Protein chains: 2
Amino acid sequence: MQLTPTMHRCVLHWGEMASRWGVSRSVAQIHALLFLAPAPLTADEIAETLNVARSNVSVSIKELQAWDLVSVTHQLGDRRDYFQARKDIWEVLTMIMDGRKKREVDPTLQMLREATADAGKDHETPEQVKQRIADMLEFVEELSGWYDQIRTMPRPTLLKLMRMGTKVAKIVT
Amino acid sequence: MQLTPTMHRCVLHWGEMASRWGVSRSVAQIHALLFLAPAPLTADEIAETLNVARSNVSVSIKELQAWDLVSVTHQLGDRRDYFQARKDIWEVLTMIMDGRKKREVDPTLQMLREATADAGKDHETPEQVKQRIADMLEFVEELSGWYDQIRTMPRPTLLKLMRMGTKVAKIVT
DNA sequence: CCGTAATTTCTGTCTTTTCTGAAATTTAAA
DNA sequence: TTTAAATTTCAGAAAAGACAGAAATTACGG
């Protein structure tokens with residue numbers, strides 16, 4: 001697939017942001033390419049377009065599938081896999097946030113629960129420190145629960161709430 | 001400074017999460033240590049407690065200061081720097097979100113603006129692709145603006161809204 | 001100013017991550 | 001089956017990042 005200058009620019013930018021986003025350059029570039037591509041692409045097309053090893057595409061696609069950002073389709077009379085990315089930008093954000101919560105928050109939540117549970121037996125740690133850990137646990141639990149609730153709300157509702165901006169505050173006054 | 005088993009566990013966990021959070025192990029461990037520490041610590045104390053090079057502490061502290069998570073204090077009659085971390089967990093979250101937005105979102109927003117502005121001159125890129133980029137720009141602009149608004153709201157208001165969970169939806173019905 | 005404590009910068013080493021190319025495996029048509 | 005295309009796995013090369021220790025700089029008391 002031939003990249004136009006604009007697409008080229010986006011793909012390169014995605015690649016540059018990759019390390020900040022916590023994925024490898026290949027993963028980010030492939031995602032950019034599939035997100036922009038007007039039609040699904042085969043692994044070979046991706047490898048050729050981005051000049052990366054075919055095997056690299058295979059592994060990167062696996063990761064994008066784990067994030068639920070890319071899926072496979074097929075063409076009649078063609079055994080190759082055709083990959084396409086989620087095009088709905090709102091859904092893309094949701095998938096990324098879900099993934100990040102699972103990887104970046106949940107393990108810590110788990111650890112804080114254990115640490116707090118064990119605090120009784122621990123007579124060395126100053127009360128002040130235990131309290132800080134407990135406070136943190138409570139805060140993260142609350143945030144986590146809030147996120148799970150928001151996640152269930154229909155998109156139009158969220159959109160309306162978002163567009164109200166700070167005006168939502170009036171309901172709590 | 002001597003770590004109690006509970007503190008030890010937290011510091012190690014922070015270190016393990018570091019790569020997922022996008023910082024180095026040292027940065028995460030130092031942050032954990034300073035967050036839990038009942039009193040400010042010198043760079044030497046940090047280096048000794050965590051068994052890392054003194055220079056490493058210097059660089060890591062710089063990064064934590066760039067995130068606005070750590071500040072310097074002094075003791076009378078002691079020229080050494082004493083470092084302390086923000087203890088308010090809500091503020092810590094805010095600083096991290098601000099930092100992430102600045103590093104992970106703003107550069108992309110910038111790029112999307114430029115790409116969209118240049119779209120007129122670009123006659124190669126399919127309309128469909130240009131549209132996808134424009135939609136993405138609009139979405140990210142909207143999210144970004146929303147975040148900036150929310151950021152200005154007083155904490156008690158946000159807390160109340162958070163505790164309402166999905167009940168906030170009733171104001172848009 | 002001088003000497004020393006404290007901190008930072010720099011350079012090279014070590015570790016980790018990413019990526020490639022080859023080999024192995026899977027898949028499906030013949 | 002057999003065969004060939006398609007995909008995945010794997011081992012090692014290459015690149016990036018983290019870190020230690022030395023050297024340089026800064027800050028301060030005398």
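Bear in mind the structure is a predicted one, so any value in this text is a computation, not a measurement. Letters A, B, ... mirror the listed sequences (proteins, then strands); counts begin at 1.
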Nucleotide-resolved protein contact map, nucleotides 15-26 of chain C, B/S/- at heavy-atom distance under 4.0 Å = ---SSBBB----
D:dC19 C1' sits how many Å from B:Leu50 CG, rounded?
-> 14 Å
Value in whole Å for how far the P atom of C:dA29 lies from CG of A:Leu76 = 11 Å
The nucleotide from C:dT8, C:dT7, D:dA6 with an atom nearest the side chain of B:Ser58 is C:dT8
Over all heavy atoms of both residues, which pair between B:Met111 and A:Arg9 is shortest? Give the atoms and the distance, please.
-> CE-O, 4.1 Å
Rounded to whole angstroms, how far apart are CZ on A:Arg20 and C1' on D:dA16?
-> 15 Å
If you measure from the Lys or Arg side-chain nitrogens to the Asp or Glu carboxylate oxygens, is any gap between A:Glu114 and A:Lys121 under 4.0 Å?
-> no
For B:Asp81, report the nucleic acid contact type (base, sugar-phosphate, nothing); a contact means any heavy atom under 4.0 Å.
-> sugar-phosphate
Residues which pass side-chain contact (heavy atoms from CB on, under 4.5 Å) with A:Ser71, listed by chain and number, not counting sequence neighbours = A:Gln84
Check the distance between C:dT8's P and B:Glu63's CD and give it to me in whole angstrom.
-> 14 Å
Calculate the interatomic distance between B:Phe83 atom CZ and C:dA6 atom C1'; express it in whole Å.
-> 10 Å
Rounding to a whole Å, what distance do you find between A:Asp44:CG and D:dA4:C1'?
-> 15 Å
Output every pair passing salt bridge (Lys or Arg N to Asp or Glu O under 4.0 Å) with a member in residues 57-79 of chain A, not counting sequence neighbours, ordered by first then second residue.
-> A:Asp68-A:Arg86, A:Asp78-A:Arg80
In whole angstroms, the gap separating P of D:dT7 from NZ of A:Lys62 amounts to 11 Å
With distance as the sole test, does A:Thr4 use its side chain to make a donor-acceptor pair with the main-chain N or O of B:Glu124 at under 3.5 Å?
-> no
How many Å lie between CZ on A:Arg80 and C1' on C:dA29, as a whole number?
-> 15 Å
Output yes when A:Asp106 and A:Lys101 qualify as a salt bridge under the 4.0 Å nitrogen-oxygen rule, no when they do not.
-> yes
